[in-house]
Asker: 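Once you've had a glance at the structure underneath, I'll fire off some questions.
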Amino acid sequence: MNTIEKVITRFAPSPTGNLHIGGARTALFNWLFSKNQKGIFLLRIEDTDIQRSKNEYYEQIISTLKWLEINWDEEPYIQSKNVESHINVANNLLKNGCAYKCYCTEKELEEEKKLYLERKIPYTYSKKCRNILENITNKPFVVRFKSKIEGKTILKDLVQGDVEINNNTIEDFVILRKDNKPTYNLSAAVDDYQMKISHVIRGDDHKINAFKQIQVFESMGWKIPKYAHIPLIHSKEGKKLSKRDDVSTVEDYKKIGILPEALRNYLLRLGWSYKDKEIFSEEESIEFFNLNKIGKSPSKLDFDRIKSINEFYIKSTKDEILLEKLIHYSELYKEKIPKHFHENIKVNLSFLKNKSKSLEDIYNNSKYIFSYELKDDQMQKIDKSKLTIIKNIYSLIKKEKDISKDYLKNIFDKIIETEKINFKDLGQPLRIILTGSEYGPAIYDIASSLGLNEFLNRLELFFSKIDKNIKN
RNA sequence: GGUCCCUUCGUCUAUCGGUUAGGACACGUGGUUUUCAUCCAUGAAAGAGGGGUUCGAUUCCCCUAGGGACCGCCA
């Protein structure tokens with residue numbers, strides 16, 4: 001009887017920087033695949049590089065994954081807590097003759113490398129310590145894995161297809177450092193085995209490592225997991241993403257007000273597709289996700305697309321939830337929105353979010369409500385020949401105590417007719433006066449969101465500023 | 001340089017050898033709208049090049065070109 005193997009995937013970032021956008025996609029794919037297969041998704045923190053690993057990055061990665069709502073099962077697995085086990089495996093390998101001690105100094109290796117380079121021979125370690133039989137006790141050493149010298153290995157990659165490689169291109173890689181600490185390829189293999197990982201889904205850049213790790217599995221007689229190497233994400237220019245791009249980490253998107261569900265949807269469709277479908281709910285993405293529809297070629301980031309998807313999600317988020325997100329966003333990245341404005345923003349969200357592609361846009365659109373300021377450069381954009389008209393409007397509204405749309409429309413229409421002007425001629429100065437910006441919602445919406453008193457206040461403030469300017 | 005991988009509109013992609021090569025974003029035009037935006041309509045836009053295989057190739061094979069990843073006692 002064959003029992004169907006339980007699918008267990010893992011995301012294994014190293015805490016040496018903020019969560020990368022490519023890492024987020026790797027995590028997403030691992031998570032989706034495991035959920036699609038009714039399996040388990042684990043998080044493993046690969047912190048064996050003590051120099052570069054930092055706790056703040058660990059925290060950052062954890063909180064960003066939570067923000068993305070990519071939830072792992074069980075507790076995060078901390079790789080450094082398992083080094084004893086990794087070392088044991090290395091010693092086993094040593095005993096079995098699958099690994100050997102290498103006494104070459106870094107200087108020797110450098111010279112070796114230089115020599116190869118001069119002779120234009122592709123460099124792999126010369127393996128000269130392979131056959132040292134006696135145990136040299138007074139010299140520091142590393143432990144190297146005895147890689148296969150002959151034959152070929154085929155990696156049956158679930159994304160890349162069959163990848164064939166000559167075994168002699170895989171060098172005798174180090175598994176234990178001089179200080180007896182395990183290296184990545186050893187630790188990753190041992191942990192994948194111990195965590196019973198069934199599918200290793202990771203970036204294309206690890207493809208060569210698969211050949212190394214498979215050999216460790218084989219030497220130990222362990223069952224080899226399945227591998228899926230997904231293409232990397234490139235910058236707009238088609239190059240590898242660098243931190244200078246400003247779009248390389250999840251944080252970069254969070255801080256301009258991209259919603260997690262939008263980023264997830266974007267990342268899902270980047271290099272993967274399901275028919276013509278563009279928008280996927282969480283349930284749909286779990287239901288439809290598969291490995292064989294992942295493309296083989298790297299894809300470029302398209303910022304317009306991210307914003308467009310974000311716009312969709314903003315528009316389909318309920319106002320009370322959107323408000324919460326906006327408040328939270330403003331607290332994290334902007335000026336905090338005072339509590340007594342929350343209700344006002346909420347009731348006006350329908351038009352504030354109308355032209356917004358991000359939380360940042362909504363924030364900027366709403367800013368006139370809670371943080372009003374009429375700057376001189378904006379003042380200068382106001383057509384002063386319309387001053388009398390505006391004063392006129394002011395006194396009419398003050399007298400009638402009415403800023404309803406019907407009332408405003410009525411008096412605007414009359415003015416437009418008698419003065420022979422366009423709506424724009426009075427709309428534009430009014431918008432600047434009321435919001436401090438030449439862009440923004442419709443005048444009627446602005447008026448109703450401000451209320452009668454604030455409406456009049458802002459006009460009065462404007463008049464007093466004008467007076468002051470004239471005196472000066 | 002070596003090894004491996006990739007190549008459909010500007011971008012993300014669809015196409016189970018037979019399609020007017022489809023969709024989405026972005027872009028152009030027109031319309032709606034009391035600015036901007038939204039919305040609606042509409043347009044332009046692609047199989048890198050060359051050889052095969054085949055009745056037929058974007059699809060399969062080979063070569064060339066271009067792009068990418070890796071080549072650490074980093075992960």
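Owing to the predicted nature of the structure, the values given are computational and were not obtained by experimental measurement. Letters go in sequence order (proteins before strands), and every chain restarts at 1.
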Asker: Check every strand shown and say whether Tyr444(A) touches a base, only sugar-phosphate, or nothing at a heavy-atom separation below 4.0 Å.
Answerer: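 The residue Tyr444(A) makes base contact.
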
Asker: Checking salt bridge (charged side-chain N to carboxylate O under 4.0 Å, His left out) for the pair Lys300(A)/Glu237(A): CA distance, chi angles, key distance, verdict?
Answerer: CA-CA 8 Å; Lys300(A) 294 174 192 163; Glu237(A) 291 75 32; over 6 Å; no

Asker: Roughly how many Å is it from CD in Glu171(A) to C1' in C70(B), rounded to a whole number?
Answerer: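 Atom CD in Glu171(A) sits about 12 Å away from atom C1' in C70(B).
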
Asker: Before giving the answer on salt bridge (charged side-chain N to carboxylate O under 4.0 Å, His left out), spell out for Lys277(A) and Glu284(A) the whole-Å C-alpha distance, their side-chain angles and the decisive distance to 0.1 Å.
Answerer: CA-CA 10 Å; Lys277(A) 202 169 162 56; Glu284(A) 286 171 331; 3.2 Å; yes

Asker: Please report the distance, rounded to the nearest Å, between CG in Asp172(A) and P in G72(B).
Answerer: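 Taking atom P of G72(B) as the reference, CG of Asp172(A) is at 13 Å.
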
Asker: Any side-chain to backbone donor/acceptor pair from Ser147(A) onto Glu171(A)? Under 3.5 Å, distance only.
Answerer: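 A pair under 3.5 Å: yes.
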
Asker: Taking any strand in view, what nucleotide pairs with A41(B) in a Watson-Crick or G-U wobble way, both distances under 3.5 Å?
Answerer: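 Its partner is U29(B) (Watson-Crick or G-U wobble, both distances under 3.5 Å).
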
Asker: Heavy atoms only, 4.0 Å cut-off, all strands: where does Gly203(A) land among base, sugar-phosphate and nothing?
Answerer: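 Nothing: the residue Gly203(A), judged by heavy atoms under 4.0 Å, touches no strand.
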
Asker: To the side chain of Asp302(A), which of G10(B), C73(B), A69(B) is closest?
Answerer: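 Ranking G10(B), C73(B), A69(B) by closest atom to the Asp302(A) side chain puts G10(B) first.
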
Asker: Rounded to the nearest angstrom, tell me the gap between atom CD1 in Ile309(A) and atom P in G23(B).
Answerer: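 The answer, rounded to whole Å, is 18 Å.
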
Asker: If you look at every strand shown and take non-hydrogen atoms under 4.0 Å, does Pro441(A) touch a base, only sugar-phosphate, or nothing?
Answerer: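 Pro441(A): base contact, heavy atoms under 4.0 Å.
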
Asker: Looking at U53(B), which nucleotide sits across from it as a Watson-Crick or G-U wobble partner, both distances under 3.5 angstrom, or is there none?
Answerer: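 Base-paired to nothing in any strand shown.
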
Asker: When we call it a touch if two heavy atoms are under 4.0 Å apart, what does His206(A) touch: a base, just sugar-phosphate, or nothing?
Answerer: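 Base, at least one base atom sits under 4.0 Å.
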
Asker: Does Tyr266(A) have Arg305(A) sitting over its ring (NZ/CZ under 6.0 Å from centre, angle to axis within 45°)?
Answerer: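 Judged by the rule, Arg305(A) and Tyr266(A) form no cation-pi pair.
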
Asker: Tell me: NZ of Lys353(A) to P of C39(B), nearest whole Å?
Answerer: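 Lys353(A) atom NZ is separated from C39(B) atom P by 13 Å.
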
Asker: How many whole angstroms separate atom CZ of Phe11(A) from atom C1' of A75(B)?
Answerer: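 It is 12 Å, rounded to the nearest whole Å.
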
Asker: Classify Lys307(A) by what it touches in the nucleic acid, base, sugar-phosphate, or nothing, heavy-atom distance under 4.0 Å.
Answerer: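 If one applies the 4.0 Å heavy-atom cut-off, Lys307(A) turns out to touch nothing in the nucleic acid.
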
Asker: Hunt down the Watson-Crick or G-U wobble partner of C70(B), both distances under 3.5 Å, from any strand shown, or write none.
Answerer: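 Its partner is G2(B).
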
Asker: Please determine whether a side-chain nitrogen or oxygen atom of Lys293(A) lies at a distance below 4.0 Å from atom OP1 or OP2 of U15(B).
Answerer: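 The answer is yes; a side-chain N or O of Lys293(A) sits under 4.0 Å from OP1 or OP2.
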
Asker: Whole angstroms only, please: what is the OH-P distance between Tyr227(A) and C70(B)?
Answerer: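 Going from OH in Tyr227(A) over to P in C70(B) covers 18 Å.
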
Asker: Can you tell me how far P in C39(B) sits from the matching atom in A26(B), rounded to whole Å?
Answerer: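 Their P atoms lie roughly 9 Å apart.
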
Asker: Please give the distance between the P atoms of C9(B) and C5(B) as a whole number of Å.
Answerer: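 Rounded to whole Å, the distance is 23 Å.
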
Asker: Rounding to an integer number of angstrom, what distance separates U8(B) and G66(B) when you compare their C1' atoms?
Answerer: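 To the nearest whole Å, 16 Å.
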
Asker: Is there a donor and acceptor pair, one atom on the side chain of Lys236(A) and one on the base of U11(B), closer than 3.5 Å?
Answerer: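 Looking at the base of U11(B), it does not pair with any donor or acceptor on the side chain of Lys236(A) (distance under 3.5 Å).
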
Asker: Side chains of Gln213(A) and Asn185(A): do they bring a donor and an acceptor to under 3.5 Å?
Answerer: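 A pair is found: one side chain offers a donor N or O, the other an acceptor, under 3.5 Å apart.
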
Asker: Where each residue is assigned the nucleotide of RNA chain B containing its nearest heavy atom, which of Asp205(A) and Pro182(A) is assigned the position nearer the 5′ end?
Answerer: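 By nearest-heavy-atom nucleotide position, the 5'-most residue is Asp205(A).
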
Asker: Taking the P atom in each of A14(B) and A24(B), what is the distance between them to the nearest angstrom?
Answerer: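 The same atom, P, in both gives a distance of 15 Å.
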
Asker: Could you check whether the rings of Phe145(A) and Phe173(A) sit parallel, tilted or perpendicular, using 30° and 60° as the cut-offs?
Answerer: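 Ring orientation, 0 to 90° scale: parallel.
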
Asker: Got a donor-acceptor contact below 3.5 angstrom from the Gln60(A) side chain to the Leu19(A) backbone?
Answerer: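 Pair found, side chain donor or acceptor close to backbone of Leu19(A).
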
Asker: Considering every strand and a 4.0 Å limit on heavy-atom distances, what is the contact class for Lys212(A): base, sugar-phosphate, or nothing?
Answerer: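 Counting heavy atoms under 4.0 Å across all strands, no contact is made by Lys212(A).
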
Asker: According to a strict under-4.0 Å criterion, is Lys357(A) in side-chain N/O contact with OP1 or OP2 of A26(B)?
Answerer: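 Yes.
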
Asker: So what does Lys300(A) touch, heavy atoms closer than 4.0 Å: a base, only the sugar-phosphate, or nothing?
Answerer: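 Lys300(A): backbone/sugar contact only, no base atoms under 4.0 Å.
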
Asker: For Thr249(A) and His20(A), test the side chains for any donor-to-acceptor distance below 3.5 angstrom and give the result as yes or no.
Answerer: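 Side chains of Thr249(A) and His20(A): no pair found under 3.5 Å.
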
Asker: Would you state whether a donor and an acceptor, one from the side chain of Arg305(A) and one from the base of A24(B), lie under 3.5 Å apart?
Answerer: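 Flag set: donor-acceptor pair detected.
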
Asker: Reading RNA chain B from 5' onward, which residue's closest nucleotide shows up sooner: Gly238(A) or Ser308(A)?
Answerer: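 Checking each residue's closest nucleotide, the 5'-ward one belongs to Ser308(A).
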
Asker: Which part of the nucleic acid, if any, lies within reach of Ser53(A) when heavy atoms closer than 4.0 Å are counted: base, sugar-phosphate only, or nothing?
Answerer: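 Result for Ser53(A) = nothing.
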
Asker: What class does the angle between the rings of Tyr125(A) and Tyr100(A) fall in, given that below 30° is parallel, 30 to 60° is tilted and above 60° is perpendicular?
Answerer: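 The rings of Tyr125(A) and Tyr100(A) lie parallel, inter-plane angle below 30°.
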
Asker: Using the ring of each side chain (for Trp, its six-membered ring), is Tyr193(A) parallel, tilted or perpendicular to Trp222(A), with breaks at 30° and 60°?
Answerer: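 Rings of Tyr193(A) and Trp222(A): parallel, as their planes differ by under 30°.
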
Asker: Might you list the N or O atoms of the protein lying below 3.5 Å from N or O atoms in nucleotides 19-22 of chain B, with each pair's distance?
Answerer:
residue : atom : partner   : partner atom : Å
G22(B)  : N2   : Asp276(A) : OD1          : 3.0

Asker: Is Arg10(A) positioned over the aromatic face of Tyr77(A), cation under 6.0 angstrom from the ring centre and no more than 45 degrees off axis?
Answerer: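 Negative - Arg10(A) is either too far from the ring of Tyr77(A) or too far off its axis.
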
Asker: Can you identify which nucleotide, out of U13(B), G68(B), C73(B), has its nearest atom closest to the Ser299(A) side chain?
Answerer: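 Out of U13(B), G68(B), C73(B), the nucleotide with an atom closest to Ser299(A)'s side chain is U13(B).
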
Asker: What's the shortest heavy-atom distance between Ile256(A) and Glu360(A), and which atoms?
Answerer: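 For Ile256(A) and Glu360(A), the tightest heavy-atom pair comes out as O-CB, 3.3 Å.
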
Asker: Between A75(B), G68(B), U38(B), which nucleotide has the shortest distance from any of its atoms to the side chain of Glu311(A)?
Answerer: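 Of all the options, the side chain of Glu311(A) is nearest to U38(B).
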
Asker: Take atom P in A65(B) and the same atom in G28(B), then report the distance between them in whole Å.
Answerer: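 One P to the other, the span is 39 Å.
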
Asker: Between Ser273(A) and A14(B), does any side-chain N or O lie under 4.0 Å from OP1 or OP2?
Answerer: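 Ser273(A) to A14(B) OP1/OP2: side-chain N or O found under 4.0 Å.
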
Asker: Hey, what are the protein-to-nucleotides 4-6 of chain B N/O distances that come in under 3.5 Å?
Answerer:
residue : atom : partner   : partner atom : Å
C5(B)   : O4'  : Lys207(A) : NZ           : 3.3
C5(B)   : O2'  : Gln160(A) : OE1          : 3.2
C6(B)   : OP1  : Lys296(A) : NZ           : 3.0

Asker: G23(B) P sits how many Å from Ile279(A) CD1, rounded?
Answerer: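 My rounded result for the distance is 17 Å.
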
Asker: I'd like the P distance from A44(B) over to G30(B), given in whole Å.
Answerer: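 Here G30(B) and A44(B) have their P atoms 16 Å from each other.
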
Asker: Give none if C9(B) has no partner; otherwise give the nucleotide forming a Watson-Crick or G-U wobble pair with it, both distances under 3.5 Å.
Answerer: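 Base partner found: none.
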
Asker: Expressed in whole Å, how much space separates the P atoms belonging to G17(B) and U58(B)?
Answerer: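 Each nucleotide's P atom is 13 Å from the other's.
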
Asker: At 4.0 Å (heavy atoms only), tell me whether Asn209(A) reaches a base, stays on the sugar-phosphate, or touches nothing.
Answerer: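 Asn209(A): base contact, heavy atoms under 4.0 Å.
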
Asker: Please report the distance separating the P of G18(B) from the corresponding atom of A75(B), rounded so that it comes out in whole Å.
Answerer: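 To the nearest whole Å, 49 Å.
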
Asker: Looking for any heavy atom pair under 4.0 Å, which part of the strands does Ala188(A) touch: base, sugar-phosphate only, or nothing?
Answerer: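 It contacts nothing in the nucleic acid.
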
Asker: Just say parallel, tilted or perpendicular for the rings of Phe280(A) and Phe288(A), cut-offs at 30° and 60°.
Answerer: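 Perpendicular: the ring planes of Phe280(A) and Phe288(A) meet at over 60°.
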
Asker: Send over the distance from Asn310(A) CG to A37(B) P, rounded to a whole Å.
Answerer: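 Distance check: Asn310(A) CG to A37(B) P gives 20 Å.
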
